[in-house]
Amino acid sequence: MLEKTTRVNYLFDFYQSLLTPKQRNYMELYFLEDYSLGEISETFDVSRQAVYDNIRRTETMLEEYEKKLHLYEKFQERQQVLRDMETELEAGKYPEQFSRWVTQLQELE
């Protein structure tokens, strides 16, 4: 469950600008603020089922965006390359300039 929540949070970070304000609100409250379906339904004066349906549809949309754009996948790959570079750097296998490049890449993330 935690892995799914983490994935949805990342997808939300990457694709939230493609969502409607209502979708963003529901997702923020549910996944980031840890509101329950009942609390969200009370806040927006809608049924729990309506909130649940909206969140599930939005999750599906986020997954579809990821299938097309691969932003999260590329992010994960960049993170792995950075970890590999840091490991090699700590082992002293690269020159000083390499260290500056790693730092620059980390700042971009």
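We number each residue from 1, following the sequence as shown. Atom set for the values below is all heavy atoms of this structure, side chains included, hydrogens, waters and symmetry mates excluded.
- Taking OG from Ser41 and CD from Gln49, the interatomic distance works out to 11.0 Å, rounded to the nearest 0.5 Å.
- If you take CD on Glu90 and CE on Met85, they are separated by 12.5 Å, rounding to the nearest 0.5 Å.
- Taking a cutoff of 4.0 Å between a charged side-chain nitrogen and a carboxylate oxygen, Lys67 and Glu64 qualify as a salt bridge.
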Next item on the list: Walk me through it: do Tyr72 and Tyr10 pass the test ring pair (Phe, Tyr, Trp, His ring centres under 6.0 Å)?
Entry: CA-CA 7 Å; Tyr72 179 54; Tyr10 273 113; 5.2 Å; yes
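- Results of the side chain to side chain contact (heavy atoms under 4.5 Å, CB included) test with Phe75 over Arg78, Glu73, Glu77 single out Arg78 as the only residue that passes.
- With hydrogens and angles disregarded, a donor-acceptor distance shorter than 3.5 Å links the side chain of Gln23 to the backbone of Thr20.
- For the pair Asn9 (side chain) and Thr5 (backbone), a donor-acceptor distance under 3.5 Å is present.
- The distance from atom NZ of Lys74 to atom CD of Gln79, rounded to the nearest 0.5 Å, is 15.0 Å.
- Crowding of Tyr65 atom OH: a count of heavy atoms from other residues, nucleotides or ligands under 6.0 Å exceeding 12.
- By the 4.0 Å N-to-carboxylate-O rule, Arg7 lies too far from Glu66 to be salt-bridged with it.
- Asn25 approaches Phe44 most closely through the heavy-atom pair CB-CZ, 3.7 Å.
- Of the inter-residue distances, the one linking Thr58 atom OG1 with Lys22 atom NZ reads 9.0 Å to the nearest 0.5 angstrom.
- In plain terms, the two heavy atoms of Leu62 and Tyr15 that are nearest each other are CD2-CB, 3.7 Å.
- Nearest heavy atoms, Val51 versus Tyr26: CA-CE2, 4.0 Å.
- Contact record, Leu19 with Met61: CD2-CE, 4.3 Å, taken as the closest heavy-atom pair.
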Note to self: Applying ring pair (Phe, Tyr, Trp, His ring centres under 6.0 Å) to Phe31 and Phe12, what does each step give before you reach the verdict?
What the structure shows: CA-CA 9 Å; Phe31 285 102; Phe12 180 70; 8.3 Å; no
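- Gln80 meets the side-chain hydrogen bond (donor to acceptor under 3.5 Å, both in side chains) test with Arg83, Asp84; sequence neighbours excluded.
- Of all non-hydrogen atoms in Glu63 and Leu11, the two that sit nearest each other are OE2-CD1, 3.3 Å.
- From Met27, atom CE reaches atom CG of Asp13 across 10.5 Å, with rounding to the nearest 0.5 Å.
- Put simply, CD1 on Ile55 and CG on Leu29 are 8.5 Å apart, with the number rounded to the nearest 0.5 Å.
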